[in-house]
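What follows is a short report on a single structure.
Note on naming: letters A, B, ... go to the chains in the order of the sequence lines (proteins, then strands), and numbering restarts at 1 for each one.
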2 protein chains.
Amino acid sequence: MTVTATMEEDRLDETFAALANSTRRAILARLAQSEATVNELAAPFAMQLPAISKHIKVLEQAGLIVRSRNAQFRPCRLAPDRLAEVATWADQYRSIWDDRFDRLDQQLSRRRRNAQHAAPKGTNDR
Amino acid sequence: MTVTATMEEDRLDETFAALANSTRRAILARLAQSEATVNELAAPFAMQLPAISKHIKVLEQAGLIVRSRNAQFRPCRLAPDRLAEVATWADQYRSIWDDRFDRLDQQLSRRRRNAQHAAPKGTNDR
DNA sequence: GTTGTAATTTCCGTATGGGTTAATTATCTA
DNA sequence: TAGATAATTAACCCATACGGAAATTACAAC
């Protein structure tokens, strides 16, 4: 019964864990431009190839990228579904930060009104 | 020069790492309803209090929650800024999954047109 | 088949994560 | 002051994460 929920939770664990590394996020950003091979992805980093290879494995396991085969090359490309899930998850909380802006906005309006009543003749803010 | 970028990257590392645990995400979901004490937050979990206390510490360190003091109690409440950053980060990739839906939509339109040309007299789908 | 290039796997060291129990701190109440 | 409640810290166990170096696999070109 809670099987689906648990599966989704596990997947979010894995997704967020994969995203919790700036090298891996940089790889995703690079792949947002176009697909790329492991060596191409590794080029910008001061890190040995095996390390990048492992990061790619993590991203693939998490479903954030998919890979094909072209001779010795293993081109990677972005798989957007998990990223969409992250956006959806975070959006659950949107009302909370929106509310806060609303309250701030109300406060500002109130202050503007009060300022007008207190000093109706000029701009006396500060 | 890249100081800000690096700080933001480090913060995203920390934010995603904090979110990569279903217990901690459940705590955030609970705090989206109202603030709560450590014992209240711990109640739903089959886990000792110190474990929850550590999870809360991780969330606080990551800036996802803030805490106040009320006698022996340390009520927690949600701090939405980091969640907003996550939403913004994920939204960078929105065009990619939108594009995919667009392509799917175009495909379906094309199929619809072709179906009309091939069998203009009736609904012959499936 | 040998050589070269692309990429992965294995093994290792070190650090961190997530949980436990026991001990400790902080605050209220009688 | 003593005792109860809320919460944290300390000490420990086990597993996993991240990186390096060396060895290995997969394929192409000659």
If you compare every side-chain N and O of [X] against the phosphate oxygens of [N] (OP1, OP2), does one of them come in below 4.0 Å?
X: A:N21; N: D:dA17; answer: no
X: A:R69; N: C:dA7; answer: no
X: A:Q48; N: D:dG19; answer: no
X: B:H55; N: C:dG17; answer: no

Measure from [atom1] on [X] to [atom2] on [N] and round the result to the nearest Å.
X: A:I52; N: D:dG19; atom1: CD1; atom2: C1'; result: 11 Å
X: B:N70; N: C:dT27; atom1: CG; atom2: C1'; result: 11 Å
X: A:F16; N: C:dG17; atom1: CZ; atom2: P; result: 17 Å
X: A:L19; N: D:dA17; atom1: CG; atom2: P; result: 14 Å
X: B:F45; N: C:dT20; atom1: CZ; atom2: C1'; result: 18 Å
X: A:R25; N: D:dC18; atom1: CZ; atom2: C1'; result: 15 Å
X: A:Q61; N: C:dT9; atom1: CD; atom2: C1'; result: 16 Å
X: A:E35; N: C:dA6; atom1: CD; atom2: P; result: 17 Å

How does each nucleotide of nucleotides 1-7 of chain D score, in 5' to 3' order, for protein heavy atoms under 4.0 Å: base (B), sugar-phosphate only (S), or none (-)?
----BSB
At 4.0 Å (heavy atoms only), tell me whether B:K57 reaches a base, stays on the sugar-phosphate, or touches nothing.
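Counting heavy atoms under 4.0 Å across all strands, the contact made by B:K57 is with sugar-phosphate only.
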Tell me every residue that passes side-chain hydrogen bond (donor to acceptor under 3.5 Å, both in side chains) with A:D13, counting only those two or more places apart in sequence or in another chain.
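So A:D13 forms a side-chain hydrogen bond (donor to acceptor under 3.5 Å, both in side chains) with B:R25.
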Among B:L59, B:T37, B:V38, exactly one meets side-chain contact (heavy atoms from CB on, under 4.5 Å) together with B:R67. Which residue is that?
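Exactly one candidate clears the test, B:V38.
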What I'd like to find out is whether the side chain of B:M47 reaches to under 4.5 Å of the side chain of B:T23, using heavy atoms alone.
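The answer is yes, as the side chains (C-beta and beyond) meet within the 4.5 Å cut-off.
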Check: A:F45 and A:I27 side chains under 4.5 Å, non-hydrogen atoms:
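Side chain of A:I27 against side chain of A:F45, heavy atoms only: contact under 4.5 Å found.
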Using a strict 4.0 Å threshold on nitrogen-to-oxygen distance, state whether B:R82 and B:E85 make a salt bridge.
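Salt bridge flag = yes for B:E85 with B:R82.
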Would you say A:I96 and A:W89 are hydrophobically clustered, going by side-chain heavy atoms of ILVMFWY under 4.5 Å?
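Yes, it is one cluster - the side chains of A:I96 and A:W89 are joined through contacts under 4.5 Å.
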Establish whether B:V58 and B:I65 are linked, either directly or via other cluster members, by ILVMFWY side-chain heavy-atom contacts under 4.5 Å.
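As far as the 4.5 Å side-chain criterion goes, B:I65 and B:V58 are not connected within one cluster.
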If you assign each of B:K54 and A:A71 to its closest nucleotide in DNA chain D, which residue comes earlier from the 5' end?
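Its nearest nucleotide being more 5', the pick is B:K54.
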